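Beneath this line is the structure, given in structure tokens, with notes to follow.
A quick note: this is a predicted structure, and the numbers were derived from the prediction, not measured. Quick note on labels: first sequence line is chain A, next is B, and so on, each numbered from 1.
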Amino acid sequence: MHYDFNSIEKKWQEYWAKNQTFKAENDSEKEKFYVLDMFPYPSGAGLHVGHPLGYIASDIYARYKRHKGFNVLHPMGYDSFGLPAEQYAIQTGQHPADTTRVNIEGGVDKEGNKIEGYRKQLDRMGFSFDWSREVRTSDPKYYKWTQWIFIQLFNSWYNKATDRAEDIESLIAVFEKEGNATVEAVCDEDTPQFSAGEWKAFSEREKQEMLLKYRLTYLAESEVNWCPALKTVLANDEIVNGVSERGGHPVVRKKMTQWSMRITAYAQRLLDGLQKVDWPQPLKDSQTNWIGRSVGAQVTFKLKDSEHEISVFTTRPDTIFGVSFMTLAPEHELVQQITTEAQRAEVEAYVEATAKRSERERMADVKTISGAFTGAYAEHPFTKEAIPVWIGDYVLAGYGTGAVMSVPCGDQRDHDFAKHFNIPIPNIFEGVDISEEAFADKENTVIANSDFLNGLSYKEATKKVIAELEKLGQGQGKVNYRLRDAVFSRQRYWGEPFPVYYDADGLPHMIEEEYLPITLPEVDKYLPTETGEPPLGNATEWAWDTEGKQVVANDKIDHKTVFPLDLNTMPGWAGSSQYFNRYMDPHNEEAIFSKEAIDYWQDVDLYIGGSEHATGHLLYSRFWQKFMFDKGLVPKDEFAKKLINQGMITGTSAFVYRMHSKITVSQKLLGEDLSKADDLYELTRKSMVKTVQLKKNQIFIPKCFFSFHEYKKWKRSNGMPEEQVKQLIEADLVLERIKSYEHLIPEEEKDFFDLDKYSISFSGDALHADVSLVDSSDELDVEAFKKWRPEYRDAEFICQNGKYIVGREVEKMSKSKYNVVNPDAICEEYGADSLRLYEMFLGPLEQSKPWNTAGITGVHGFLKKLWRLYHSGAGGAFEVSDAEPSKESWKTLHKTIKKVEEDIENFSFNTTVSTFMICVNELGAQKCTNRAILEPLAILVSPYAPHIAEELWEKLGHTESISEAPFPKFEEKYLVESSKEYPISFNGKMRFKLEMPLDLSKDEIEARVMAHIKTQEQLQGRTPKKVIVVPGKIVNIVG
RNA sequence: GCUCGAGUGGUGGAAUUGGUAGACACGUUGGACUUAAAAUCCAAUGGCCAUUAUGGCCGUACGGGUUCAAGUCCCGUCUCGAGUACCA
């Protein structure tokens, strides 16, 4: 019986679905293990072989853990809200819910394109997902709980004293008792101070406005990143290089009233939490950078002849005596107020000029130094000297206080600025030359010319100066973060609606939890309204009736009991910030999850996904998790213990080389000086005789005819001696080329192809060919290529030895490069087990590596050999023997168990596959047919190739699925050796091997080695200086 | 610019705490079986030199160093990739 993978895989996929083999129970005696994949956005393009890489790895681990006796939670779902579905809706008018459903479940879209659907594609690969727990973020039953968390955030504030989020009621209680003077809370910068009496005197509206300054999600007018092309705001992590991450559209700054998340309250805890999770270092680094903690001091400079003060943040308070000017961001609020009349025109012109420059321009152009003097002077806190106040666009309004104390001797930007505007550069460093560049080395700093700081190091001086500033009341130590609060509103349709309505004063109110979800309304079109409101402004039924407790038609709005609802929707990361917890109890309608479920599953043990989520999803999720931890909803304040970033699978593109069919014939340029490039064009033009049109116009030449370099390589590989290769000249290539297309030259033009009289030149280009048209030896299927696209129907191929060999290059997998490989096709041709094995075999999980379908025959051959081990009967019938296995077979098995177990624990899946191959090769050579070996082997292989393992398991006489069969136990006794083949090396170089018993002492080994004839041959009479013997490892003879 | 990661045959990649470099595959070449192809099996396959076999030399991006011994540790250089970008 041959290995009929198609029917085997179909059979077991149906079996698993029917028997719900992988359904996880929330109450189990077994220890839990939670394996999670970052859920996919279901795009219409479907999956290519790069997508399932992480899913295969996590599935292997999940299956392995089941064999190890764990109760494994391994769910899958869809992050189904998002921009592409909405853009598609705008273009085609189809409801994004419909296209999303088709993308997941399969079907036909409106243009008649058949879509396989994510689910079917995933099922084909034999994943052990518990589909009964599937979630979709766009499902109202799911986003009910996204809205619910939003309400919890709204009703919370951050207490710095207890270092956790607390209910807003407790803040109100404090306000009523003692105002806000004593409260240590994270709040807006501009929050005024008030007493209990003042609080009580506030109107309801004033109270609510005040509370918004404290809530963990708050409505505020803030400067946002507005993307005019997408007609929405974007968060910082959605902008890459100044343009939108999706689509690459420009982004401008704009003031808008938006919901924001006070993630900054958690900055320190988000940083600290990284210490206790096992995540990749690069990922931790990028979160650390994103949070951007810096320690320094806040220093207040008084302004001369003014009641204003300038507050700055600095990490180098020790250099305060080196300050020779101050710089404010052009947008700084004090600029208008402090500018003197004499300077006003210049300052205003500068402010206007910078405002016009886009963020992108400003970032791209960091070299141009610009600024203006305000005419104002600040006063040095210690020397009381006057310090000129400048403005400059190198100071960012959004970081720190938007102002800096400029120390040109210690900061390169300040140095550049000072040089450019001829501002003095006082030196406050002992023995350092700062005439050319600033000295920013903290470690080697010795302060000078600085009054009471002279002679001190960075650390000492910093401590002392902060103490002195505190005495003056002009500063204190401060920790500053780069992290900004996250804008949470999007002006889009396809996202979670806010459970928020607005009263007559425009203040937001939460809808009571029991009326959730507030479902997305129907709209006529998915574009903004004519008045510029977000798409939800098109809805006719989008008002909240506070008495009827339901969404009603807009015309009922009276601002008394019926109010307008929020027109924004939540961003993409809202739904993905809590899904890992929801999987624990996905159908609970009473609560986000039951206490029993969260207490049992706790957190994710293994999380696998792409590194692109480093500062988005993974930071926001940690923030929400910490918030939920504070609220006592979850037992862990980090949601994932271990995280692995799988590498990208790139494509191996195939190239064909097209020669343009117009051949240029020129007069031979004899004696002309071709080195003057300026004349070359003119010369060529003048000497051109004519262009010859060949008889065909799609002519493909081999890569080696394309460039001289390739030509030499080709000659060399065909056995031409190196001396001759060196003598090859361009003319040889031209001649060889002409010979190859001779038959395409029109009869009457043949005379022009005389290289003695004329120069012949051609041009050409490299074109992508579909990788499916190329075989494992890089040979193009010429006939299939001609059928591939109509313009190539009559193409002419210049072959070598009857073959056309394509060029290869590794590129990102994409449709436009024709290098996309579909996993369905691989499953069809080789089976899912082969696909799974091959994806793992390609290389280490975390590394990016190129896909080349050709190599899959290796793992496919392995599966066939594995199958054959169990089918030693007549005509390939299934047959295993109950006889005692040989010693070698036992050894092979246990060696394999040991290595496989170690490798899986280390996520080294590629080496496991090699180990299986070695095992099967050895057992094959041993002609092993013993049940005692083959039964455990099936379990070992089962996480990687589950279908074949199930089939063999059943043939071995089992009636239950293999999925929970106990993992074979490694026993050392089978590996115990009595002797070892020692490598004998001389001066570190291995010369020969010598078999010796392992129980020999060092001296006995040395004696035996020295006595050996080959040792004497190597030494040639010399006496070794030293003999190193490492028992069980190596012998090295020095001398 | 800064931070992090990586450079090993024609290709993907192995090599546990420093201890036989190139496991396992792909590809290539030769052979067996076959009318033929596919499939399968066997052999060779880092480079160079030598050959009657035994062999010798060089080799893990480059240049140094530590060590009995370095792909692995240390210093310097180069190249590539990822992230970040005036963060005071």
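- In terms of phosphate contacts, A:Ser294 brings a side-chain nitrogen or oxygen within less than 4.0 Å of OP1 or OP2 of B:A88.
- Ring centroid separation for the pair A:Tyr838 and A:Tyr830 does not come in under the 6.0 Å cut-off.
- No engagement by A:Arg484 is indicated, since no non-hydrogen atom pair under 4.0 Å with the nucleic acid exists.
- For A:Asn910 and B:A14, the shortest distance from a side-chain N or O to OP1 or OP2 is below 4.0 Å.
- Counting non-hydrogen atoms under 4.0 angstrom, A:Ser985 reaches nothing in the nucleic acid.
- Nucleotide B:A6 has B:U79 as its partner under the Watson-Crick or G-U criteria, with both atom distances under 3.5 Å.
- For B:A88, neither phosphate oxygen OP1 nor OP2 lies less than 4.0 angstrom from any side-chain nitrogen or oxygen of A:Thr315.
- Here, B:A43 and B:A61 have their C1' atoms 34 Å apart, quoted to the whole Å.
- The phosphate of B:C57 (OP1 or OP2) has a side-chain N or O of A:Arg991 nearer than 4.0 angstrom.
- A sub-4.0 Å separation between OP1 or OP2 of B:G1 and a side-chain N or O of A:Arg413 is absent.
- Taking atom C1' in both B:C78 and B:G64, the straight-line distance is 15 Å, to the nearest Å.
- When both pairing distances are held under 3.5 Å, B:A38 makes no Watson-Crick or G-U pair with any nucleotide shown.
- Nucleic acid contact for A:Lys1033: base, since at least one base atom lies under 4.0 Å from a heavy atom of the residue.
- Look at CH2 on A:Trp867: it is 18 Å from C1' on B:U40, rounded to the nearest Å.
- Distance from the side chain of A:Arg482 is smallest for B:U84 among the nucleotides B:U20, B:A25, B:U84.
- The nucleotide whose nearest atom lies closest to any side-chain atom of A:Val1038 is, among B:U20, B:C87, B:C68, B:C68.
- Across the P atoms, B:G9 and B:A23 are found 13 Å apart, a figure rounded to whole Å.
- Between the P atom of B:A69 and the CD1 atom of A:Ile1037 lies a distance of 14 Å, rounded to the nearest Å.
- Here B:C86 presents its P atom at 6 Å from CG of A:Leu396, a figure rounded to the nearest Å.
- A:Asn1036 comes within 4.0 angstrom of a base, heavy atoms only.
- Within the nucleic acid shown, A:Val404 comes within 4.0 Å of at least one base atom, counting heavy atoms only.
- Ring geometry, A:His860 versus A:Phe5: the interplanar angle exceeds 60°, so the pair is classed perpendicular (tilted spans 30 to 60°).
- For B:U28, the OP1/OP2 oxygens have a side-chain nitrogen or oxygen of A:Ser777 closer than 4.0 Å.
- Checked for salt-bridge contact, A:Asp411 and A:Arg316 miss the test: no charged N lies under 4.0 Å from a carboxylate O.
- Of the charged side-chain nitrogens involved, at least one lies within less than 4.0 Å of a carboxylate oxygen, so that A:Lys895 and A:Glu922 count as a salt-bridged pair.
- Residue A:Ser776 is classed as a sugar-phosphate contact, given heavy-atom separations below 4.0 Å to backbone atoms only.
- Here A:Lys993 lies in heavy-atom contact (under 4.0 Å) with a base.
- A sub-4.0 Å separation between OP1 or OP2 of B:C68 and a side-chain N or O of A:Lys1026 is present.
- Base-pair partner of B:A23: not found among the strands shown (Watson-Crick or G-U wobble, both distances under 3.5 Å).
- Atom-to-atom, NE2 of A:His860 to C1' of B:A38 comes out at 13 Å; the value is rounded to the nearest Å.
- Look at the C1' atom in both B:G10 and B:A44: the space between them is 16 Å, to the nearest Å.
- Classification of B:G65 as anti follows from a glycosidic angle more than 90° from 0.
- A distance of about 35 Å separates the C1' atoms of B:A85 and B:G12, rounded to the whole Å.
- Checking the phosphate oxygens (OP1, OP2) of B:G13, a side-chain nitrogen or oxygen of A:Gln847 falls inside 4.0 Å.
- Distances shown here put a side-chain N or O of A:Lys864 below 4.0 Å from the OP1 or OP2 atom of B:U40.
- Across all strands shown, B:A15 forms no Watson-Crick or G-U wobble pair with both distances under 3.5 Å.
- Within the 4.0 angstrom heavy-atom criterion, only backbone atoms of the sugar-phosphate kind lie near A:Asn921; the bases stay farther away.
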Step by step, work out the side-chain hydrogen bond (donor to acceptor under 3.5 Å, both in side chains) result for A:Thr264 and A:Asp485. CA-CA 6 Å; A:Thr264 48; A:Asp485 280 345; 2.5 Å; yes

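- Atom name C1', nucleotides B:G55 and B:A37: the rounded distance is 43 Å, in whole Å.
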